[in-house]
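A quick write-up on the structure given underneath.
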Amino acid sequence: MDDKFLKPYDPQATEPRIYQEWEESGYFNPDNLPDAEDREPFTIVMPPPNANGNLHAGHALFITLEDLFIRFRRMQGYRALWIPGADHAGFETQVVYEKKLEKEGRSRFSMDPKDLYAEILAFTLENKANMEQQVRALGASCDWSREKFTLDPDIVTEVKKTFVQMHEDGLVYRGKRTVNWCPKHQTSLSDIETDSVEESTPFYTFKYGPFDIGTVRPETKFGDKYVVMHPNDARYAKWNHGDMLEVEWINGPIQATVIKDEAVEMDFGTGVMTITPWHSQIDFEIAKRHGLDIEQIIDLRGKLLPIAGEFEGMKIADARTKIAEKLESKGLLVSVDPDYKNVVKRCYKCSTMIEPQVQDQWFVSMKPLAEQALQAVDRKEVRFFPEHEEKVFRHWLENTLDWNISRQIIWGINIPAWFRNRGTDTEEIKTSLEKPDGEGWVADTDTFDTWFSSGQWPLLVTGYPEGKDHAQHYPTDVMETGRDIIFFWVARMIMFGLYRTGSVPFHTVYLHGLVNDANNKKMSKSKGNVINPLDLTDKFGTDALRMGLVIGNTPGTDLALREDKIKGYKNFANKLWNIARYVLTETEGADLSAPLTAADEALRTELDALIKDVTSDLEAYRIYLAAEKIYHYAWHTFADVLIEESKVIFAGGDAAAKASRKALLLSLFADTLRVLHPFMPFVTEEIWKSVRTTDTLLMVEKWPSSAV
RNA sequence: GGGCGAUUAGCUCAGUUGGUUAGAGCAACCCGUUUACACCGGGUAGGCCGGGGGUUCGAGUCCUCCAUCGCCCACCA
């Protein structure tokens with residue numbers, strides 16, 4: 001027996017050494033596996049962590065699960081490939097960096113864009129290196145030789161090609177449309193980058209000529225020269241579409257026009273409203289239907305424009321009550337409901353109120369792409385774990401609107417579009433990777449929504465269209481990621497995968513829930529309850545953390561991360577260590593081929609049955625069950641029953657029984673280690689060194705297949 | 001407003017898709033230290049499986065209604 005077993009298991013000293021051995025073995029790269037060419041591929045694309053900070057508990061969970069899937073399949077004999085990556089994370093990283101600038105008393109708006117880009121790039125690359133070390137610490141057996149960064153030149157080129165091709169196919173268009181504008185970050189955002197928040201706000205009813213109109217936003221009302229009602233509303237039958245009338249309004253009399261439109265709800269308020277098409281999606285649609293003028297009232301910083309007269313330059317929040325007061329003083333206020341419940345959109349990063357603005361931007365036409373994705377799910381080409389997430393997925397795809405993909409930020413992939421005579425009647429637009437021929441072309445300064453590029457990640461990292469990996473490893477097998485990014489990412493990957501390659505990017509979607517704090521509350525910096533997974537690996541070992549993340553965690557369900565639970569699995573790692581000490585001490589020089597007694601044969605069969613069970617659990621993604629079963633076997637069957645029984649046998653005089661039991665202990669322990677390896681790779685690999693009869697690493701040992 | 005999910009032991013959760021006396025970990029309580037391991041062993045206690053109704057030979061599991069909690073989506077000003 002190795003002397004190392006005389007001391008308790010020391011994960012801190014063991015783990016980095018073991019990881020280095022794995023990495024140096026070359027087996028993370030499936031091309032180096034024995035008989036690589038004969039193996040069936042099994043592929044996972046890692047959700048590339050944002051290279052803008054430390055890994056959080058959610059990363060630890062996905063790394064654990066994906067590493068487990070990969071190690072299991074590698075041992076089963078697949079050409080197991082796990083492709084790691086790092087995400088420049090466009091807007092997210094820019095927000096992180098802007099906070100840093102703010103702390104330093106600087107601002108992106110007073111910087112040269114080139115300098116800003118260079119600074120964020122340096123920041124990102126530094127974090128990327130840090131992040132990669134943390135992924136290693138968690139035991140990830142991913143193929144670092146294939147690692148991709150979302151800003152790698154080949155990735156960027158292919159992303160741009162997708163855009164150009166989609167433009168040619170009419171799936172990308174430039175349009176003057178309502179976008180979600182964040183006045184703080186000075187960029188538009190997609191619909192899913194905003195949060196709808198219910199708030200209590202005064203609901204005003206004003207006199208507008210002969211009508212009473214309701215609004216929660218008096219500050220937008222300056223340009224309201226259209227008054228809209230439902231065509232079937234009997235109360236207003238005497239008014240005809242197009243009727244003109246003069247009404248007294250905020251800054252004096254204006255010419256108003258009656259518009260009849262079915263978008264108006266007859267039983268809401270008075271059934272009459274005025275519209276502000278520049279700052280409301282629904283109003284914009286009405287204006288478009290009837291060819292009405294649209295006029296900007298609020299600038300991009302959230303301040304009133306000259307049209308507001310005496311209110312020019314005021315912030316909308318301050319202007320709101322002032323304008324209501326003025327209307328009241330003019331006798332135009334009918335009533336105020338002080339506690340009206342209204343849903344407003346806020347920036348998902350800074351909670352600033354989104355100001356709808358009409359802008360010329362790039363959009364993806366979602367309907368045709370969503371159709372394709374839904375059909376692929378209908379054909380069962382993608383299955384979901386948990387199953388019910390398929391409903392959530394469908395519901396979103398059936399209702400999603402066109403996707404604004406242009407961002408007015410520097411940190412990202414620039415949109416390969418070119419303008420000539422921009423903003424004039426003779427404006428020309430071209431999309432191409434290179435500047436078009438001819439004079440006067442100016443490049444678009446906008447960048448892509450980061451999900452436009454990460455949505456193509458599986459096809460990009462496998463080297464579409466010509467890469468060898470694309471032929472061999474696409475479509476991939478499992479996409480394991482957070483339930484919270486099913487729309488941001490999973491839906492887009494399926495759409496882009498189908499669009500560009502004709503195939504779904506993966507056949508299985510495994511969605512994990514949130515990792516919460518010990519009280520099952522969402523972790524957040526402001527609450528101060530954030531748990532750093534690397535602290536837990538330092539304290540209890542990576543294997544213990546992995547077990548703690550996996551056991552009792554069903555897909556799609558949130559997990560409470562408790563230290564006492566992880567501590568329990570640290571004890572388990574040590575238990576395995578002590579089992580090894582006993583087994584190795586007692587079986588020194590044992591004859592592995594000694595015939596088994598009938599009783600021992602039954603014990604062998606018992607484990608075979610368990611392995612069969614655990615294997616089918618793993619294949620069906622019942623990870624939580626598989627982990628618990630093998631844990632329970634090792635501790636409460638192997639250690640508590642078998643070893644105790646063995647002590648009696650070894651103390652007795654039956655030589656055949658002794659020989660049988662020695663061979664049995666070794667064989668059962670070896671298989672227990674094999675099955676435990678995907679869950680607890682470090683301690684099992686370390687013990688394996690003393691158990692193995694060849695010099696093979698446990699990570700490439702054959703998964704035990706039983707005769708049962 | 002629409003959708004999804006949860007409700008099982010003190011706590012955190014399983015219960016593999018209807019089949020014996022409902023399980024695990026942690027916590028609690030009692031006993032045990034000439035040892036593979038106190039990062040331990042042996043044992044005990046603890047559950048009208050949220051509530052009502054239904055289907056069935058049989059329901060924690062299926063259907064229905066209700067209650068509570070959580071999450072997601074949302075262009076009625």
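Naming convention: chains lettered A, B, ... in sequence-line order (proteins, then strands); numbering from 1 in each chain. The structure displayed is predicted, hence computed values, not measured ones.
Comparing the P positions of B:rA38 and B:rG5 gives a spacing of 48 Å, expressed to the nearest Å. Only the P atoms considered, B:rG42 is 13 Å distant from B:rA24, to the nearest whole Å. Rounded to the nearest Å, the gap between the C1' atom of B:rG46 and that of B:rA9 is 6 Å. Comparing the P positions of B:rC73 and B:rC66 gives an interatomic distance of 26 Å, to the nearest angstrom. Here the separation of B:rA27 from B:rC11, taken at their C1' atoms, is 7 Å to the nearest Å. Separation of the P atoms belonging to B:rG25 and B:rG70 is 31 Å when rounded to the nearest angstrom. Nucleotides B:rU44 and B:rU7 place their C1' atoms 29 Å apart, quoted to the nearest Å. For the C1' atoms, the distance from B:rC13 to B:rG60 is 14 Å, rounded to whole Å.
Pairing of B:rG25, defined by two Watson-Crick or G-U wobble distances under 3.5 Å, is identified with B:rC11. Nucleotide B:rG41 is matched to B:rC31 when pairs are restricted to Watson-Crick or G-U wobble geometry with both distances under 3.5 angstrom. Nucleotide B:rG5 has B:rC69 as its partner under the Watson-Crick or G-U criteria, with both atom distances under 3.5 Å. Look at B:rU55: it lacks any Watson-Crick or wobble partner with both distances under 3.5 angstrom. Under the Watson-Crick and G-U wobble criteria, each requiring two contacts below 3.5 Å, nucleotide B:rU61 is left unpaired. With a 3.5 Å ceiling on both atom-pair distances, B:rG46 lacks any Watson-Crick or G-U wobble partner.
Among the nucleotides B:rA77, B:rU16, B:rG3, the one closest to any side-chain atom of A:Lys629 is B:rU16. Listed nucleotides B:rU16, B:rA77, B:rG42 differ in distance to A:Val216; the shortest reach to its side chain belongs to B:rA77. Comparing B:rA14, B:rA24, B:rC76 by their nearest atom to the side chain of A:Tyr624 picks out B:rA14. The side chain of A:Asn520 lies closest to B:rC13 when the candidates are B:rG25, B:rU16, B:rC13. Checked against B:rC75, B:rA14, B:rA36, the side chain of A:Ile282 finds its nearest nucleotide in B:rC75. Residue A:Asp640 has its side chain nearest to B:rG42 when only B:rU17, B:rG42, B:rU16 are considered. For A:Asn571, the listed nucleotide lying nearest its side chain is B:rC40; candidates were B:rC40, B:rC76, B:rA36. In this structure, the nucleotide among B:rA74, B:rG5, B:rG3 sitting nearest to the side chain of A:His388 is B:rG5. Nearest to the side-chain atoms of A:Tyr582 among the listed nucleotides B:rA77, B:rC40, B:rA36 stands B:rA36. Of the candidates B:rG15, B:rU12, B:rC75, the closest approach to any side-chain atom of A:Ala560 belongs to B:rU12.
Residue-level contact check: A:Lys522 touches neither bases nor backbone, having no heavy atom under 4.0 Å from any strand. The residue A:Ser196 sits close to a base: some heavy atom pair falls under 4.0 Å. At the heavy-atom level, A:Thr276 lies nowhere under 4.0 Å from the strands shown. Using a 4.0 Å heavy-atom cutoff across all strands shown, A:Arg581 reaches sugar-phosphate atoms only and no base atom. Among the heavy atoms of the strands lying under 4.0 Å from A:Tyr340 are primed sugar atoms or P, OP1, OP2 only; no base atom is included. Across all strands, A:Val228 comes closer than 4.0 Å to no nucleic acid atom at all (heavy-atom distances). A:Asp484 comes within contact range of no nucleotide atom at all, as no heavy-atom separation falls under 4.0 Å. Using a 4.0 Å heavy-atom distance criterion, A:Lys647 is classed as a base contact. As judged by a 4.0 angstrom heavy-atom cut-off over every strand, A:Ala263 is placed among residues making no nucleic acid contact. Residue contacts for A:Glu628: at a heavy-atom cut-off of 4.0 Å it reaches the sugar-phosphate backbone alone, with no base atom in range. Among the heavy atoms of the strands, none lies under 4.0 Å from A:Lys565. Using a 4.0 Å heavy-atom cutoff across all strands shown, A:Glu285 reaches no nucleic acid atom at all. In this structure, A:Asn342 reaches the sugar-phosphate backbone alone: every heavy-atom distance under 4.0 Å involves primed, P, OP1 or OP2 atoms, never a base. No engagement by A:Ile192 is indicated, since no non-hydrogen atom pair under 4.0 Å with the nucleic acid exists.
A:Arg483 has its CZ atom 11 Å from the P atom of B:rA6, to the nearest Å. We find that CG of A:Asn519 is positioned 10 Å from C1' of B:rC11, with the value rounded to whole Å. Across the protein-nucleic acid pair, A:Glu355 atom CD and B:rC75 atom P stand 15 Å apart, rounded to whole Å. To the nearest angstrom, P of B:rC11 lies 13 Å from NZ of A:Lys521. If you measure from atom CG of A:Asn578 to atom P of B:rG41, you get 10 Å, rounded to the nearest angstrom. Spacing between atom CZ of A:Arg546 and atom C1' of B:rG25 amounts to 20 Å, rounded to whole angstrom units.
In this structure, A:Phe384 has its ring center under 6.0 Å from that of A:Phe393. For A:Trp278 and A:Phe284, the ring centers are positioned 6.0 Å apart or more. Aromatic ring centres of A:Phe206 and A:Tyr204: separated by under 6.0 Å. In summary, the aromatic rings of A:Trp239 and A:Phe211 are positioned with their centroids under 6.0 Å apart. Residues A:Phe363 and A:Trp403 keep their aromatic ring centres 6.0 Å or farther apart.
For B:rA14, the OP1/OP2 oxygens have a side-chain nitrogen or oxygen of A:Thr554 closer than 4.0 Å. Look at A:Lys341 and you won't find any side-chain N or O under 4.0 angstrom from OP1 or OP2 of B:rG1. Residue A:Lys575 places at least one side-chain N or O under 4.0 Å from the OP1 or OP2 atom of B:rG41. Taking side-chain N and O atoms only, A:Thr557 has no distance below 4.0 Å to OP1 or OP2 of B:rG70. Within the structure, every side-chain polar atom (N or O) of A:Trp635 is placed at least 4.0 Å from both OP1 and OP2 of B:rG25. Listed pair A:His636 / B:rG25 meets the phosphate criterion, a side-chain N or O lying under 4.0 Å from OP1 or OP2.
Nearer the 5' end of RNA chain B, as judged by each residue's closest nucleotide, is the contact made by A:Glu387, out of A:Glu387 and A:Lys570.
In summary, the side chains of A:Lys521 and A:Asn529 do not present any donor paired with an acceptor at a separation below 3.5 Å, with no hydrogens or angles considered.
Although no hydrogens or angles enter the test, the distance criterion places no donor-acceptor pair under 3.5 Å between the side chain of A:His290 and the main chain of A:Leu292.
Nearest approach of A:Pro183 to A:Gly302, heavy atoms of both residues: CB-N, 4.5 Å. Nearest heavy-atom pair across A:Leu584 and A:Val691 is CD2-CG2, 4.2 Å.
On a pure distance criterion of 3.5 Å, no polar donor-acceptor pair joins the side chain of A:Glu198 and the base of B:rA74. In terms of polar N and O atoms assigned as donor or acceptor, the side chain of A:Arg622 comes within less than 3.5 Å of the base of B:rU16 in a complementary pairing.
Salt bridge status for A:Lys221 with A:Asp224: present, with a side-chain N to carboxylate O gap under 4.0 Å.
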